[in-house]
Amino acid sequence: MMTPLKEKIRNAITLALRSLSYPEKDCSLAPPKNIDFGDLSSNIALLLAKELKKSPMDIAKNIVNELNNNLTGHTTNISITNPGFINFEIDDHYFQSQIIHILNKNQVYGKGDVGTGQTANVEFVSANPTGPLTVGHGRNAILGDAVSNILEWQDFKVTREYYFNDAGRQMRILAQSVEARYFELLGKDLKLPEDGYQGEYIKDIAQIILDENGKDLNSGSNIFKNKAEEIIFNDIKDSLKKLGINFDQFTNEKTFYENGDIDKFMNELRTKNLIYEKENATWFKTSSLGKDQDRVYIKSSGEPTYRVPDTAYHRNKIKRNFDLIIDVFGADHADAYPDVITALEALGHNTDHIRVLIYQFVTLLKGGEKIKMSTRKADFVTLDDLVNEVGIDVVRYFFVMRSMNSHLDFDLDLAADQSDQNPVYYLQYAHARISNIISRANDLGVTFEGVFDPSLLKHDDEMNLLKYMVRFPEFVDLAYESLEPQNIANYLQELSARFHKFYNHCRVITDDIELSRARLAIVKATRIILANGFNILGISAPERM
RNA sequence: GCCCUCGUAGUUCAAUGGAUAGAACAAGUGCCUCCUAAGCAUUAGAUGCAGGUUCGAUUCCUGCCGAGGGCACCA
């Protein structure tokens, strides 16, 4: 872990600034891209130049003079490069010594403690039970699960929550669609409702109902809706389970009507004079809270709009005292959640601990054509189909390796064609190779039993690997701060690249027993990091491939 | 028309305001008597356009162009 060393250097910089009577500033201290510039680099002189009205190079020289007096330990050389960067070289011994640290920490190497003693709620997927999960839901599901893992890696106690509504208009149409298919099976006219669900699965459900309940059901029977919901929900849960995603809690929107939360919340807004009636509808006066337009809360039909239960639900989450509340929403919700936040704030709630993650939609391509996804029109590719076609790890990695802000194109033909050259295998292959080396070494009786000489690891490819290994905790923290799992994916990709390079240039098991032991140690440490990273991303760590 | 997100190599995507913009696929060339060639080495190839802020801009700001999503008494 580089952090203690970085702290030390930061402190030294602060001391140097003080003794030079320079103002203290936050500055960067990070590994430069080009290793010729050293192991860590700071821009402090560049930041001070304007204020001090001096050239950055001169400032850097003064700082370095001070640093040379007060900085001791692993820093072997401090240099200055144009336009005024201060570069620190760290001795090999520091990096070599970290191997033991990684081996000792093992499965907890890289874990942070930001969330110690805290709870987090991550709401994701939240698809209503109107049909199977699509590839689009897949992005949500995998993102939400990976974010949950990132939080757990910071020691948060995480509740994975699925919110659904089984009482709305869509569910009514679903029931009518099933009913229509049921009567169709009985040879009656098909009266599929306008906007009805057209998928094959509706027919399957109708068939099950016919088998289980006979042919005497009346139009409007509750069985259509209830059975459809049950079957579809089980299907959804199976799909998620197949991807390794398990929810701790399912919350039904209905709860907040039944327990009075919604009435209570409407009354409170009314007391605050934020509710009014117009044209037979009930409106929320968002305009008086800085928004450009008011929103309908209760339609003239008497049905509340989705904002009402959503707000009650978020209030419920706040009252459950989570330290962190995360919503994973598709881009279509981007405009909606601010209204929920506005209402919560109007009710006097602090919403600083709510983070809404918006991911952009996936464009599916098939045969070069874009597919518009609609559950209703059965114009979709199910998540199950995709997983069956290319495998869990490929699907998970695909969604986790890209920023959630990117509009991704998912070419189904390409995904199937190229599933055996998916980048995830590059990472897993590194893990499998290491596992093979270790079992090989065991067979040959080469073990280091905790004793090895780290100073033997001085090959360029060994040092490059080592210097990147120690940065794992940094990337775990970055992933937490940004809540973007791709930071981990990017890191693992680079780590694997450095490992494969090492593998091709440095033989682990050789006649030189001492060197073999040291290399076995670095390789074991690498495997620990890979496995930990895979763990966060939810992909498997194969022993062989 | 207004709001959100995006525009990087032939293609799909990376890049805490930092130094020489990275991968993968596709194209070209080498490397398995040696721990797994799902690998390594190597060639070629990119920041939509115009301004601005900055010592420094793919990154921040403004405008334009282009793509996706939203702007419902749908969720």
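Note that these values count all heavy atoms, side chains included, but never hydrogens, waters or copies made by symmetry. Chain letters run A, B, ... following the sequence lines, proteins first, then strands; residues in each count from 1.
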Any A:K33 side-chain N or O less than 4.0 Å from OP1/OP2 of B:A15:
no
Going by the glycosidic torsion and a 90 degree boundary from 0, is the base of B:C32 oriented syn or anti?
syn
I need the CG-C1' distance between A:D335 and B:G68, as an integer number of Å.
14 Å
Has the side chain of A:S300 got a donor or acceptor atom sitting under 3.5 Å from an opposite partner on the base of B:C73?
yes
Phosphate OP1/OP2 of B:G22 contacted by A:Q493 side-chain N/O (<4.0 Å)
no
Whole-Å gap separating P (B:A23) and CG (A:L492)
17 Å
Using atom OH of A:Y397 as one end and atom P of B:A38 as the other, report the distance to the nearest whole Å.
18 Å
Any donor-acceptor pair, under 3.5 Å, between the side chain of A:N34 and the base of B:U20, if you only look at N and O atoms?
yes
Under 4.0 Å between a side-chain N/O of A:R307 and OP1 or OP2 of B:C74, yes or no?
no
Do any side-chain nitrogens or oxygens of A:N405 fall under 4.0 Å of OP1 or OP2 in B:C6?
yes
Any side-chain N or O of A:Y429 under 4.0 Å from OP1/OP2 of B:A38?
yes
For A:A525 against A:M469, the heavy-atom pair lying closest together:
CB-CE, 3.5 Å
Under 4.0 Å, counting only non-hydrogen atoms across every strand here, what does A:A441 touch: a base, just sugar-phosphate, or nothing?
nothing
Partner of B:A41 by Watson-Crick or G-U wobble geometry, both contacts under 3.5 Å, or none?
B:U29
Is the gap between the ring centers of A:H314 and A:Y337 under 6.0 Å?
no
Tell whether A:S41 reaches the base of B:A19 with its side chain through a donor-acceptor pair below 3.5 angstrom.
yes
Residue pair A:A334/A:E303 against RNA chain B: nearer the 5' end by closest nucleotide is A:A334
Report yes if a side-chain nitrogen or oxygen of A:T305 is closer than 4.0 Å to either non-bridging phosphate oxygen (OP1 or OP2) of B:A72; otherwise report no.
no
Could you check A:Y162, A:F247, A:Y359 and say which one makes a ring-ring contact (aromatic ring centres under 6.0 Å, His included) with A:F124?
A:F247
